[in-house]
Amino acid sequence: MSQRTAEFCDGISRRSVVKAGLTGLMGLSLPDILRLKADAAERGRSKQDTAVIFLELAGGPSQHETYDPKPNAPSEYRGPLSPIRTAVPGVQFSEFMQEQARVLDKMAIIRSIHHDSGSHGTSSHLTQTGYYLRDRQNRENEMPSIGCITSKVRGSNAEGIPAYVSLPRDMRFGRAAWLGKGYNSFITARDADAKNFTVPNLTLLRGLTAERMQDRKALLKGFDASRKIIDNNGVGEAIDQYTKEAFEMVSGDAARNAFDLSQEDEKTRDRYGRTSFGQNILLARRLVEHGVTVASVRVTGPSWDDHRDLVKRMREKGIPYDRAFAALVEDLHERGLDKKVMVVAMGEFGRTPKFNKTAGRDHWGRVMSVALAGGGIKTGQVIGASDDQGGTPTDAPYRPENVLAMLYRHLGIDPATTFLDHSGRPRYILERRELITELI
């Protein structure tokens with residue numbers, strides 16, 4: 001499917017271009033950012049030691065056909081797939097989640113996430129920013145995503161490495177809004193399973209010599225005097241930072257090495273699966289290992305918007321997703337990264353309890369399942385429950401904002417921090433920021 005072909009029932013297509021610009025860079029000043037970083041360090045979380053991998057299950061996966069099967073429900077609710085045992089006694093997954101079932105002792109599943117929207121746009125914005133999208137026709141962020149907030153407050157964990165990377169393209173609402181487009185994600189623009197995979201943004205300038213790069217850097221410095229005269233909002237300061245990071249990325253080897261999947265051994269690549277899912281998720285692991293703070297992976301193809309032929313579509317994407325996620329969980333443990341890296345797999349909503357007339361399930365924000373691993377959380381457990389038909393939470397109801405609050409906690413970022421939006425109004429990173437206590 002073309003990147004510009006509509007994937008979801010609302011007609012919105014994926015986009016693979018990072019937009020550049022300076023609008024809205026008047027958020028926190030550099031001293032503010034340094035203070036926030038110092039505060040995070042004082043809370044016992046070094047800038048160097050934590051990262052997040054966000055698996056966006058774009059379109060909204062069915063809870064029944066993934067982590068919350070209902071084997072005792074009537075057939076029109078339970079669906080045609082069979083439940084299977086997991087590594088945790090008494091807990092069952094749907095049959096296409098076999099590999100994750102095997103490693104559930106290293107995962108946690110929340111079966112009681114809920115919210116009030118059935119719109120792709122509104123719900124995606126909520127799960128990626130903590131705020132509903134107010135204008136459903138808006139295709140741009142109204143609030144900054146978690147990756148962009150992290151890029152601004154934390155930055156990357158290594159020199160010459162971007163802080164926030166999206167594979168192969170940004171999340172539906174994974175951008176920076178009024179925080180400043182300089183904090184948008186660095187994208188690969190292609191799936192990592194492509195033959196001779198390279199990242200265009202890093203190879204485009206390979207022909208430039210170090211001397212020519214320095215000449216261009218000197219040219220930019222020549223604009224300092226005039227820029228300082230007109231710079232009243234810290235824009236020049238931001239330009240300095242972005243320019244410095246860009247030069248470090250294209251002139252050094254750190255980023256190119258981080259993105260070089262050919263350095264992974266063949267057994268590891270096979271373990272994740274030679275699919276776009278598998279290789280993108282493997283690359284995300286490689287990136288956080290090399291210093292990226294937030295890596296998002298858009299896990300689609302086909303999307304999880306399964307209004308029809310759900311079982312057929314689940315077979316196409318569910319099996320490779322299951323394999324790759326389980327490989328990631330085990331790989332993080334084997335490499336000693338299970339405390340440093342927290343992984344979340346989350347769509348924008350669940351699906352209707354009852355199958356529709358086209359053998360699919362429709363949008364359903366009233367309950368959804370979310371999977372987590374790593375980050376030092378308590379694993380080997382299922383948190384919360386839905387009713388007998390999988391339609392509403394019956395125990396430990398949580399919201400997407402609570403999941404984001406756990407990610408921010410892991411990153412050492414206080415979600416009560418405020419930023420000024422375009423109007424000068426202070427906005428909390430999260431207005432609802434209660435933690436999921438069962439994970440701690």
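It should be emphasised that the depicted structure is a prediction, and the values quoted were computed from it without experimental measurement.
- Note on E140 versus K181: no salt bridge recorded, every NZ/NE/NH1/NH2 to OD/OE distance being 4.0 Å or above.
- Contact check on D270 versus K267 returns no salt bridge, with no Lys/Arg side-chain nitrogen under 4.0 Å from an Asp/Glu carboxylate oxygen.
- Partners of V91 by side-chain contact (heavy atoms from CB on, under 4.5 Å), not counting sequence neighbours, listed by chain and number: T86, V88, F93, L104, R111, V382.
- A salt bridge links R285 with D331: the distance from a Lys NZ or Arg NE/NH1/NH2 to an Asp or Glu carboxylate oxygen falls below 4.0 Å.
- Residues satisfying the side-chain hydrogen bond (donor to acceptor under 3.5 Å, both in side chains) test with R366, not counting sequence neighbours, are none.
- Contacts of Y398 classified as ring-ring contact (aromatic ring centres under 6.0 Å, His included), with partners at least two apart in sequence or in another chain: none.
- A salt bridge links E99 with R102; the closest basic N to acidic carboxylate O contact falls under 4.0 Å.
- The 12-atom threshold is exceeded at CZ of R274, counting heavy atoms of other residues, nucleotides or ligands nearer than 6.0 Å.
- Screening residues 50-65 for salt bridge (Lys or Arg N to Asp or Glu O under 4.0 Å), with sequence neighbours left out, gives E56-R298, E65-R361.
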Q) So Q100 and T66, side chain to side chain contact (heavy atoms under 4.5 Å, CB included) or not? Walk me through it. A) CA-CA 10 Å; Q100 290 176 78; T66 52; over 6 Å; no

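- Applying the ring-ring contact (aromatic ring centres under 6.0 Å, His included) test to pairs two or more places apart or on separate chains, those with a residue in residues 118-147 are F8-H120, H120-F349, H120-H363, H125-F173.
- By the salt bridge (charged side-chain N to carboxylate O under 4.0 Å, His left out) test, D306 is found to be paired with R313, K317, residues two or more places apart in sequence or in another chain being considered.
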